[in-house]
Amino acid sequence: MNVSLVKLQYFVDVVDEGTFSKAALKNRIAQTSISQQVKELEQYYQCELIKRQQPVVMTQAGKVLYRNAKKVLQQFTLLEEQMEKAKNNQVELNIEYASIVDIQSLNLLLKGKKQPNFTLHKVNLGEIASNLLSGKYDFAVTFDSEFQGVAGVETKELTSGEYWLGVSQNNPLAKENEVTLTQLESYPLVMLSPKIIGKSYDIMIKRSQGKLKINRIVDDIESEIFYMKQENLLGFFPKTYELTLKEEGIKLVKIIDSPHVYSVVLAWRKVGLTEIQKRFIEV
């Protein structure tokens, strides 16, 4: 016996519907068939997945399976859709990005222009160059720092700007509209990890000549904002984050004579381009 997509779908349906009988009605099969499939999953994983009551209740192992089964089923649905398009010669580009700044830049690129079919894929910034070179994605939209020293990639700048300082309302710097580098260097910081922001992390450290006081390194912006509020840490953000951060109670402050700047580019492999990729570049 092995784990099949059908078994996973029946398990998810039992949880979503609340009972075996409702899951059976949804799939138009006998309730005994649904029960048998779930039982076989429990035998395979050698643990109880569902408490048989009305409505059913997942065990801890069941919660793990449910969460991951949903991801597997969603990915399979996406595969089916992509294969259907490929079968009918409906070619679609795949574009990877890492942040809201990338999306804003892509919007500027495509504004008022005829757009080819494409799908966006959010990835960690540290993976973006290798993804592009391996052919996993057709294009990348992200900070140019990720392609410094990377052979086989061409880029076109879409936008550029400065990193500003993010401060919580309780921070003494919140009353300022501008700060100096010296002021900044006397306060503790929270930064996104190199895994998430890739080479941008090392470049920022190098530009600051080791003077930044980094107290925490986190893997997402939500955690960054949390520590900014709870521990009064400072953070770096592109100026374009201003409206989003304002809703979170975070103010952006300009850094005078800041070396912390960024450039967002469209990137693609130099060789092996398809006709639709070439047309997109022309756009």
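Here the structure is a predicted model, which is why all the values come from computation and not from measurement. If you read the sequence from its start, that first residue is 1, and numbering goes on from there.
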*Applying salt bridge (charged side-chain N to carboxylate O under 4.0 Å, His left out), which residue pairs with at least one partner in residues 193-211 are found, sequence neighbours left out?*
K195-D219

*How would you list all residue pairs meeting salt bridge (charged side-chain N to carboxylate O under 4.0 Å, His left out) that involve residues 57-79, not counting sequence neighbours?*
D16-K70

*Taking E42 for the side chain and E48 for the main chain, is one N or O donor matched with an acceptor at less than 3.5 Å?*
no

*Would you please classify the geometry between the F143 ring and the Y163 ring as parallel, tilted or perpendicular, with 30° and 60° separating the classes?*
tilted

*Please identify each residue that fulfils side chain to side chain contact (heavy atoms under 4.5 Å, CB included) with S208, with sequence neighbours left out.*
L212, H260

Show me the donor-acceptor pairs within less than 3.5 Å that the side chains of residues 265-273 make with the rest of the protein, sequence neighbours left out.
| from | atom 1 | to | atom 2 | distance (Å) |
| --- | --- | --- | --- | --- |
| R269 | NH1 | L132 | O | 3.0 |
| R269 | NH1 | Y137 | O | 3.1 |

_Tell me which pairs pass salt bridge (charged side-chain N to carboxylate O under 4.0 Å, His left out) where either residue lies in residues 142-169, with sequence neighbours left out._
E162-K254

*Give a yes or no on whether V64 and I50 share a hydrophobic cluster (residues Ile, Leu, Val, Met, Phe, Trp, Tyr; joining criterion: side-chain heavy atoms under 4.5 Å apart).*
no

*When hydrophobic residues are tied together by side-chain contacts of less than 4.5 Å, even through go-betweens, does V141 share a cluster with L120?*
yes

*Apply side-chain hydrogen bond (donor to acceptor under 3.5 Å, both in side chains) to S105 and list each qualifying residue two or more places apart in sequence or on a separate chain.*
none

Which donor-acceptor pairs under 3.5 Å do side chains of residues 18-30 form with protein atoms, sequence neighbours excluded?
| from | atom 1 | to | atom 2 | distance (Å) |
| --- | --- | --- | --- | --- |
| T19 | OG1 | S21 | OG | 3.2 |
| T19 | OG1 | K22 | N | 3.1 |
| K26 | NZ | D13 | OD1 | 3.1 |
| N27 | ND2 | D13 | OD2 | 2.9 |
| N27 | ND2 | A23 | O | 2.9 |

*Report yes or no: do I214 and Y227 belong to one cluster of Ile/Leu/Val/Met/Phe/Trp/Tyr joined by side chain heavy-atom distances under 4.5 Å?*
yes

*asked:* Show the nearest heavy-atom pair for residues V190 and M228, with the distance to one decimal.
replied: CG1-CG, 3.6 Å

*Does K251 reach the main-chain N or O of E176 with its side chain, forming a donor-acceptor pair under 3.5 Å?*
yes

*Identify, with sequence neighbours excluded, every residue that meets salt bridge (Lys or Arg N to Asp or Glu O under 4.0 Å) alongside E185.*
none

*asked:* In terms of relative ring orientation, are F11 and Y66 parallel, tilted or perpendicular, with 30° and 60° separating the classes?
replied: perpendicular

*What residues form a side-chain hydrogen bond (donor to acceptor under 3.5 Å, both in side chains) with Q148, not counting sequence neighbours?*
none

I'd like a table of donor-acceptor pairs (distance under 3.5 Å, sequence neighbours excluded) in which one partner is a side-chain atom from residues 236-244, with atom names and distances.
| from | atom 1 | to | atom 2 | distance (Å) |
| --- | --- | --- | --- | --- |
| K239 | NZ | E242 | OE1 | 2.6 |
| T240 | OG1 | Q104 | OE1 | 3.2 |

*Which heavy atom of T59 sits nearest a heavy atom of K51, and at what distance?*
CG2-CE, 4.0 Å

_Checking Q37 now: which residues fulfil side-chain hydrogen bond (donor to acceptor under 3.5 Å, both in side chains) with it, not counting sequence neighbours?_
K7

*Under 3.5 Å, side chain of N124 to main-chain N/O of I196, donor-acceptor pair present?*
no

_Does either side chain, that of D257 or that of T180, offer a donor lying less than 3.5 Å from an acceptor on the other one?_
no

*Answer yes if Y44 and V12 sit in the same cluster of Ile, Leu, Val, Met, Phe, Trp and Tyr residues linked by side chain heavy atoms under 4.5 Å apart, and no otherwise.*
yes

*asked:* Quick check: is I256 connected to L173 through a chain of hydrophobic side chains (ILVMFWY, heavy atoms under 4.5 Å apart)?
replied: no

*Go through the structure and list residues passing side-chain hydrogen bond (donor to acceptor under 3.5 Å, both in side chains) with E231, not counting sequence neighbours.*
R216

*Check: N171 side chain, V167 main-chain N or O, donor-acceptor pair, under 3.5 Å*: no

*Between L125, I221, I217, which is the residue that forms a side-chain contact (heavy atoms from CB on, under 4.5 Å) with L192?*
I221

